[in-house]
Number of protein chains: 2
Amino acid sequence: MRKLAIIALALAGLNANASSLFESNEDAIEYRKAAFQLIRYQIGDMGDMLKGKVPFDAKRFEQRANNAAQLSTIPWEAFIAGSDKGDTDALPAVWSDRETFDKKAQMFAQYAQELAVAARSGDKAVIGPAFQNWAKGCKDCHKSFKD
Amino acid sequence: MRKLAIIALALAGLNANASSLFESNEDAIEYRKAAFQLIRYQIGDMGDMLKGKVPFDAKRFEQRANNAAQLSTIPWEAFIAGSDKGDTDALPAVWSDRETFDKKAQMFAQYAQELAVAARSGDKAVIGPAFQNWAKGCKDCHKSFKD
């Protein structure tokens, strides 16, 4: 529950805090890209373990899922006003339909947290659906908000 | 205690797991740079709050400290063999004196965790020394291991 509270806290403060973190739109774009990149690696390794491309290691999976849960709260505050221009694949809808975007971001972070909880079981039958759910959250958001 | 257990778990699996995560040395370098970059932003915002450059916001500080605690466990597994060559500032000592490097990495992650605990107090008198301790951990490691 502590973790869920932390995530709720993290998501509550997303936009209001952005301005003091970034000195430029380029900074903000770089920041969110770094976060998504780290997320991709967690997904990749977890996906490989579940598909049997590499041996399933419950402890490593749990580590990846914990990373994922924290990293999934990080990129959102960097979608600051003005950072639709520049080296970014973010679609204008991020800013024109911010409510939907924020909701999807919040669901994504929540699914990642649920995956981290599932990962503690060490049971692939529990972990698999939680992983799929989270991965679906990526695609669902990209469909509307990423070029 | 749960969080400390997670960090111990994360650090225990650092090197053994690296090979299945990265397809190339460039991937590994990119990964650790992304993590350090995100860490720098957390440090920057927390430092600004403590120095009074921006108003101190206990909730935001706690969020940054939680980010820092998790992010501080992430870069280390990416110092894989061979990734001393390429677009990196890592010094050869990372690989030639791995024991010291790993120990400093572990201390850094531990200080970040202690900062996250201190941040829950919302009290600058408690948070300040914990922040300094963690920031010192950056410099202490850079001195020996970063160009």
Side-chain angles (χ1 to χ4, degrees), chain A residues 1-3 5-14 16-23 27-28 30-46 48-49 53-75 77-78 116 119-120, chain B residues 1-3 5-14 16-23 27-28 30-46 48-49 53-75 77-78 116 119-120:
Chain A
M1 288 311 291
R2 173 83 209 156
K3 266 283 208 171
I6 289 170
I7 285 183
L9 173 71
L11 292 170
L14 295 184
N17 304 328
S19 58
S20 63
L21 191 62
F22 307 113
E23 288 179 8
D27 278 1
E30 190 183 62
Y31 184 88
R32 66 200 192 212
K33 280 187 171 180
F36 286 125
Q37 190 173 42
L38 293 174
I39 290 170
R40 272 196 299 274
Y41 277 101
Q42 313 310 313
I43 291 178
D45 195 37
M46 286 191 279
D48 284 352
M49 278 192 256
K53 283 190 184 179
V54 299
F56 180 77
D57 176 330
K59 280 204 186 309
R60 189 171 90 216
F61 198 99
E62 189 179 346
Q63 177 189 332
R64 296 272 168 245
N66 286 329
N67 288 349
Q70 187 70 22
L71 290 168
S72 295
T73 67
I74 287 185
E77 66 177 320
R120 290 177 205 158
Chain B
M1 289 311 290
R2 171 86 209 154
K3 267 283 210 171
I6 289 170
I7 285 184
L9 172 71
L11 292 170
L14 295 185
N17 304 328
S19 58
S20 63
L21 192 62
F22 307 113
E23 287 180 8
D27 279 1
E30 191 183 62
Y31 183 89
R32 65 199 193 212
K33 280 188 170 178
F36 285 125
Q37 190 174 40
L38 294 175
I39 289 169
R40 273 196 298 275
Y41 278 101
Q42 313 309 314
I43 291 178
D45 195 38
M46 287 191 278
D48 284 353
M49 279 191 256
K53 285 192 183 177
V54 299
F56 180 76
D57 175 330
K59 280 202 187 310
R60 189 171 91 218
F61 198 99
E62 188 178 346
Q63 176 189 332
R64 296 271 168 248
N66 286 328
N67 288 349
Q70 187 70 21
L71 290 167
S72 294
T73 67
I74 286 186
E77 66 177 323
R120 291 177 205 157

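- With rounding to the nearest 0.5 Å, the separation of CD1 in A/Ile74 from CG in B/Asn67 is 4.0 Å.
- Residues A/Arg60 and B/Glu77 fail the side-chain proximity criterion, which asks for heavy atoms closer than 4.5 Å.
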Fill in: Derivation and outcome, side-chain contact (heavy atoms from CB on, under 4.5 Å), residues A/Thr73 and B/Asn66
CA-CA 11 Å; A/Thr73 67; B/Asn66 286 328; over 6 Å; no

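- Residues A/Tyr41 and B/Leu21 come closest through the heavy atom pair O-CD1, 3.3 Å.
- In this structure, B/Leu71 and A/Gln70 have side chains that are not in contact, with every pair of non-hydrogen atoms separated by 4.5 Å or more.
- Ionic pairing of A/Lys33 and B/Glu30 is not present here: no N-O contact between side-chain nitrogen and carboxylate oxygen is shorter than 4.0 angstrom.
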